Amino acid sequence: AAWQVKQALDVGVMRFVFNTVETREQAEAAVKSMRYPPWKAFPNTHKGPAGVRGWSPAAAVWAWGIETEEYRRRADVWPLNPEGDLMAIMIIETQTGVKNADAIAQVPGVTGLSAAAGGDLSSSYGVPTAAPEIESARQTILQACLKHKVLCWITATGKPDEERRLKEGWRMIRTVDGLPFN
């Protein structure tokens with residue numbers, strides 16, 4: 001819901017994680033919800049999906065400790081806007097999302113994709129998190145990230161898994177040592 005994204009950003013949040021993204025259209029709507037409409041003085045805001053976020057940044061300006069015009073310039077998604085400080089992360093949690101991972105990663109303004117911890121993904125496939133289908137799905141997500149140069153996020157379960165995931169090309173690693181996620 002765009003209004004929830006707006007409210008979070010308006011108090012100073014700099015990263016929004018969108019759960020269960022399954023299509024390019026959902027990813028594009030997510031990016032639009034984070035962006036202000038294009039601003040004439042800032043050409044980088046004219047690239048990619050035009051924003052729909054309403055203007056009410058007083059709390060965010062205070063939280064970021066910057067002037068209003070500086071906030072307007074920087075309150076945009078990176079890397080679409082190289083001056084932007086906001087991150088739009090899409091969590092892929094279903095078979096449909098995995099099938100569309102390449103299209104989702106292509107959306108201008110998507111900062112990264114997440115394979116999450118695997119619980120929802122395994123439920124979608126109807127198999128345990130350690131099943132080969134889940135690792136295959138994770139690798140599909142990773143390949144989409146690498147192909148389109150967006151960050152890729154995964155949960156790792158200990159030092160050996162962390163090292164493996166970094167070697168594969170994952171760049172955002174959440175660690176849960178000792179928890180039964182895999």
Side-chain angles (χ1 to χ4, degrees), residues 1-94 96-116 120 138 140-155 166 169-174:
W3 69 269
Q4 291 173 318
V5 174
K6 179 197 179 321
Q7 286 187 350
L9 296 174
D10 282 353
V11 296
V13 168
M14 298 178 86
R15 175 181 72 192
F16 212 89
V17 179
F18 296 89
N19 292 24
T20 319
V21 177
E22 296 186 302
T23 66
R24 177 183 178 88
E25 293 77 20
Q26 289 174 338
E28 190 169 292
V31 169
K32 287 179 176 183
S33 74
M34 292 183 72
R35 301 187 81 198
Y36 291 119
W39 196 250
K40 288 182 181 180
F42 305 125
N44 287 330
T45 65
H46 296 260
K47 300 182 284 185
V52 297
R53 180 177 166 201
W55 180 252
S56 183
V61 167
W62 179 82
W64 285 27
I66 59 177
E67 298 295 322
T68 303
E69 281 306 297
E70 178 75 0
Y71 180 80
R72 185 186 295 273
R73 184 176 63 79
R74 292 174 45 195
D76 200 5
V77 289
W78 174 89
L80 175 61
N81 180 346
E83 296 180 314
D85 285 323
L86 303 180
M87 295 176 73
I89 308 292
M90 310 296 145
I91 301 181
I92 309 298
E93 301 180 281
T94 66
T96 302
V98 172
K99 281 191 270 184
N100 293 320
D102 190 71
I104 293 166
Q106 289 180 54
V107 172
V110 167
T111 307
L113 302 183
S114 170
D120 289 325
R138 290 173 171 152
T140 298
I141 294 165
L142 173 62
Q143 291 312 307
C145 291
L146 295 173
K147 179 180 177 182
H148 299 289
K149 296 180 174 61
V150 299
L151 297 174
C152 41
W153 175 12
I154 195 166
T155 300
L166 285 169
W170 299 89
R171 290 296 170 248
M172 294 175 69
I173 308 287
R174 180 179 81 142

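All of these numbers come straight from a predicted model, not from anything done at the bench.
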Calculate, to the nearest 0.5 Å, the distance between atoms CG and OG1 belonging to N100 and T94 respectively. 8.0 Å
For residues L86 and F16, determine if any side-chain heavy atom of one lies less than 4.5 Å from a side-chain heavy atom of the other. no
Let me confirm one number: the CD1-CE distance from I89 to M172, rounded to the nearest 0.5 Å. 4.5 Å
What do the steps show when you test Q4 against Q7 for side-chain contact (heavy atoms from CB on, under 4.5 Å), and what is the final call? CA-CA 5 Å; Q4 291 173 318; Q7 286 187 350; 5.7 Å; no
Minimum heavy-atom separation for A63 to G12, with atom names? CB-CA, 4.2 Å
So, are E70 and R74 salt-bridged, with charged N and O less than 4.0 Å apart? yes
Measuring only between side-chain heavy atoms, which start at C-beta, is I154 closer than 4.5 Å to R138? yes
Show the numbers, then the answer: is there a side-chain contact (heavy atoms from CB on, under 4.5 Å) between F18 and M34? CA-CA 11 Å; F18 296 89; M34 292 183 72; 3.8 Å; yes
Looking at residues at least two apart in the chain, or sitting in another chain, which of them share a ring-ring contact (aromatic ring centres under 6.0 Å, His included) with W55? Y36
Within-4.5 Å side-chain heavy-atom neighbours: Q26 and T20: no
Pairwise distance CD1(I173) to OG1(T155) - rounded to 0.5 angstrom: 8.5 Å
Closest approach of A101 to L113 (non-hydrogen atoms, all atoms of both residues): O-CD1, 3.8 Å
Those residues at least two apart in sequence (or on a different chain) that pass side chain to side chain contact (heavy atoms under 4.5 Å, CB included) with A2 are S33
Heavy atoms, side chains only, cut-off 4.5 Å: are R24 and Q106 in contact? yes
Do the non-hydrogen side-chain atoms of L80 and P49 ever get within less than 4.5 Å of each other? yes
Measuring from I104:CD1 to K99:NZ, what's the distance to the nearest 0.5 Å? 11.5 Å
Side chain to side chain, R15 and V17, heavy atoms closer than 4.5 Å: yes
To the nearest 0.5 Å, tell me how far C152 SG sits from Q143 CD. 9.0 Å
Looking only at heavy atoms, the pair that brings V31 and G109 closest together is CG2-C, 3.7 Å
Quick one: closest heavy-atom pair of H148 and A105, and the distance? CB-O, 3.7 Å
Point-to-point distance, once rounded to the nearest 0.5 Å, from CD1 of I91 to CD1 of I141: 10.5 Å
Should the heavy atoms of other residues, nucleotides or ligands under 6.0 Å from CD of E67 be counted, would the total exceed 12? no
If the condition is side chain to side chain donor-acceptor pair (under 3.5 Å), which residues does N19 pass it with, not counting sequence neighbours? none
Within 45 degrees of the ring normal and closer than 6.0 Å to the centroid, is that where the cationic atom of R171 sits relative to W153? no
Restricting to side chain to side chain contact (heavy atoms under 4.5 Å, CB included), what partner residues turn up for N44, sequence neighbours left out? K47, N81, P82, E83
Show me the pairs that pass ring-ring contact (aromatic ring centres under 6.0 Å, His included) and involve residues 66-88, at least two apart or across chains. W64-Y71
Going by heavy atoms in the side chains, are T111 and V150 under 4.5 Å from each other? no
Please examine the side chains of S56 and D10, heavy atoms only from C-beta on, and report whether any two atoms are closer than 4.5 Å. yes
To check you understand the geometry: which heavy-atom pair defines the closest contact between A30 and M90, and what is its length? CB-CE, 3.7 Å
Quick one: which residue pairs count as a salt bridge (charged side-chain N to carboxylate O under 4.0 Å, His left out) with a foot in residues 28-41, not counting sequence neighbours? E28-K32, R35-D76
